[in-house]
Amino acid sequence: MSTAERLSSFGESVFATWSRVAIENDAINLGQGFPDFAAPDFIKEAAIKAIRDDENQYSRSAGHPKLVEAIAQTFEIETNPLDEVTVTCGSTETIAATILGLVNAGDEVIVIEPFYDSYLACLKMAGANVNIVTLHAPTFTLDETELRNAFSDNTKMIIVNTPHNPTGRVLSKEELGLIAELAIRHDAIVLADEVYDKLVLTGNHIPIATLPNMKERTITLRSLGKVFSVTGWKIGWAVAPPHLTEGIRSAHQFLTFCAATPLQVAAAEALLAPEEYFNSYTAEYTERRDVLVEGLKSAGFQVQSPEGTYFVLADHTPFGFDDDIAFCHHLAKECKVVGIPPTAFYAQSDEGQQYVRFAFCKGVETLKNAVERLQTLRDGVGV
Ligand SMILES: Cc1ncc(COP(=O)(O)O)c(C=O)c1O
């Protein structure tokens with residue numbers, strides 16, 4: 001009895017591993033991206049009310065009518081809620097349902113690294129051939145020639161994540177325009193992972209579906225967990241034209257059938273929250289980012305301030321460790337702070353070895369404590 005071959009090379013998720021290391025070392029966990037502060041009262045009250053109102057049975061498989069309506073209403077382009085929106089158990093399921101529902105064994109799929117770790121596992125389950133394009137350190141911008149070379153007429157799909165985990169980059173209009181041009185030329189689908197669309201702290205996020213002729217080939221994926229600090233609710237969704245929605249729903253009905261009904265009802269209410277909520281959300285994250293980035297700099301890391309997401313990649317080379325894993329073990333044991341070694345997000349390049357990923361979806365006091373603990377890194381390494 002052993003794990004199926006298609007998954008045996010993946011092992012345990014890096015987030016589970018390092019959350020365990022955090023507990024074992026009694027360390028501050030800046031590894032996995034989940035808030036350590038309370039979700040807003042209005043969303044909690046809406047969920048409690050939905051349960052009391054007996055919204056407790058299976059919902060429509062593709063999503064509760066109230067939620068698909070709210071998603072369509074708040075999406076950047078005109079969307080038919082019943083034919084173009086599919087609600088899933090978190091974006092992790094949207095990724096799985098999209099890949100399993102649309103990609104055939106042997107299809108070519110382009111993945112940009114560093115990547116969210118579920119992409120490759122789902123592509124392996126679908127039997128896809130993966131083509132990797134690297135966002136090279138230290139700028140993490142798309143290399144035009146490498147992207148052009150990765151495309152061919154066999155390309156079925158490209159997965160594009162912006163704002164980007166783990167680099168914190170928000171892809172520019174030029175980069176998105178290039179992806180769009182190549183996707184159109186090679187008749188490829190774009191899976192646009194925009195789970196951090198509301199976490200743009202510097203610059204502008206452009207949903208790729210809004211570019212000319214892109215709506216018909218783009219699946220836009222968003223998540224409730226990030227923007228309302230409810231990652232454990234696992235509510236995500238895909239917005240896609242009907243011919244792509246059909247495949248996504250076909251897989252979704254057999255993966256989970258539907259997401260938790262009362263949480264969908266609460267999500268519908270939350271999405272229609274006043275603009276002030278979203279403004280203060282980004283203002284609070286800007287403060288958290290700045291506390292962490294300044295603290296990392298003062299501890300001796302080389303670090304660029306992220307434009308979006310709640311992650312920062314810090315270059316640990318000034319401290320003289322062999323690689324990211326050795327550095328992260330030292331951090332957990334000696335500084336009592338956990339970060340994620342980013343080589344887990346790479347399949348081709350070894351550029352991740354010089355970095356550590358920290359999450360700043362934590363209270364300002366937690367971040368200040370972490371930063372204070374990191375100051376000891378300076379001792380003995382001459383930075
Ligand atoms: C880039 C990216 N995509 C997808 C997800 C999954 O989101 P969810 O929690 O909604 O499954 C995450 C979560 O961290 C992520 O960072």
Side-chain angles (χ1 to χ4, degrees), residues 13-19 29-36 39 43 63 67 71 85-100 109 111-123 135 140 157-171 190-201 205 207-208 219-239 248 251-252 255-256 258-260 263-264 266-267 270-271 285 306-313 339-340 342 344-347 352 357-362:
S13 140
V14 69
F15 306 114
T17 306
W18 287 90
S19 286
N29 189 354
L30 302 188
Q32 193 173 13
F34 60 86
D36 71 346
I43 193 168
L67 179 53
I71 291 167
V85 179
T86 308
V87 176
T88 56
C89 295
S91 303
T92 307
E93 192 211 331
T94 326
I95 293 162
T98 301
I99 291 172
L100 295 173
V109 176
V111 174
I112 297 169
E113 73 175 6
F115 43 69
Y116 180 61
D117 69 338
S118 83
Y119 302 159
L120 285 205
C122 291
L123 289 167
L135 294 176
F140 301 109
M157 177 186 280
I158 175 167
I159 305 181
V160 181
N161 169 219
T162 183
H164 184 253
N165 170 11
T167 65
R169 280 220 53 227
V170 177
L171 294 192
V190 175
L191 173 51
D193 180 342
E194 299 182 359
V195 299
Y196 300 102
D197 68 311
K198 293 280 190 285
L199 252 178
V200 180
L201 307 176
H205 163 62
I208 195 165
I219 298 145
T220 305
L221 172 173
R222 304 260 169 95
S223 174
L224 190 80
K226 320 290 175 194
V227 61
F228 295 103
S229 309
V230 287
T231 58
W233 285 22
K234 297 302 290 183
I235 301 282
W237 57 89
V239 179
I248 299 168
H252 163 67
L255 286 171
T256 59
C258 69
L263 304 184
Q264 291 191 61
L271 282 185
Y285 266 105
E307 300 161 290
T309 77
Y310 43 50
F311 301 111
V312 57
L313 269 190
I340 297 281
F345 311 135
Y346 285 83
R357 189 196 80 172
F358 293 113
F360 53 89
C361 43
K362 310 290 168 186

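Remember, predicted model here, so these are calculated numbers, not experimental data. In listed order, ligands and their atoms are each counted from 1.
Shortest contact from atom 7 (O) of ligand 1 to any protein heavy atom: S91 CB, 3.6 Å. For atom 1 (C) of ligand 1, the closest heavy atom belonging to the protein is D193 OD2, 3.3 Å.
Residue contacts with ligand 1 leave out T231, since none of its heavy atoms falls under 4.0 Å from the ligand. The closest approach between a heavy atom of K226 and any atom of ligand 1 is below 4.0 Å.
Close contacts of ligand 1 with N161, meaning ligand atoms under 4.0 Å from a residue heavy atom, involve 1 (C). Taking every heavy atom of K234 and a limit of under 4.0 angstrom, the matching atoms of ligand 1 come to 8 (P), 9 (O), 11 (O). Those atoms of ligand 1 with a heavy atom of Y196 less than 4.0 angstrom away are 1 (C), 13 (C), 14 (O), 15 (C), 16 (O). Those atoms of ligand 1 with a heavy atom of S223 less than 4.0 angstrom away are 8 (P), 10 (O). Remark: ligand 1 atoms within the under-4.0 Å shell around heavy atoms of G90 are 10 (O), 11 (O).
Relative to the six-membered ring of F311, R357 meets both conditions, a distance below 6.0 Å and an angle of at most 45° to the axis.
When all heavy atoms of R169 and E307 are compared, the closest pair comes out as CA-OE1, 3.3 Å. Listed here is the closest heavy atom pair of N165 and Y116: ND2-CD1, 4.1 Å.
If you look at Y285 and Y310, their ring centroids are closer than 6.0 Å.
Note on ring orientation: taking the six-membered ring where Trp is involved, the planes of F115 and Y119 are tilted (angle from 30° to 60°).
Below 3.5 Å of separation, one finds no N or O of Y116 facing any N or O of ligand 1.
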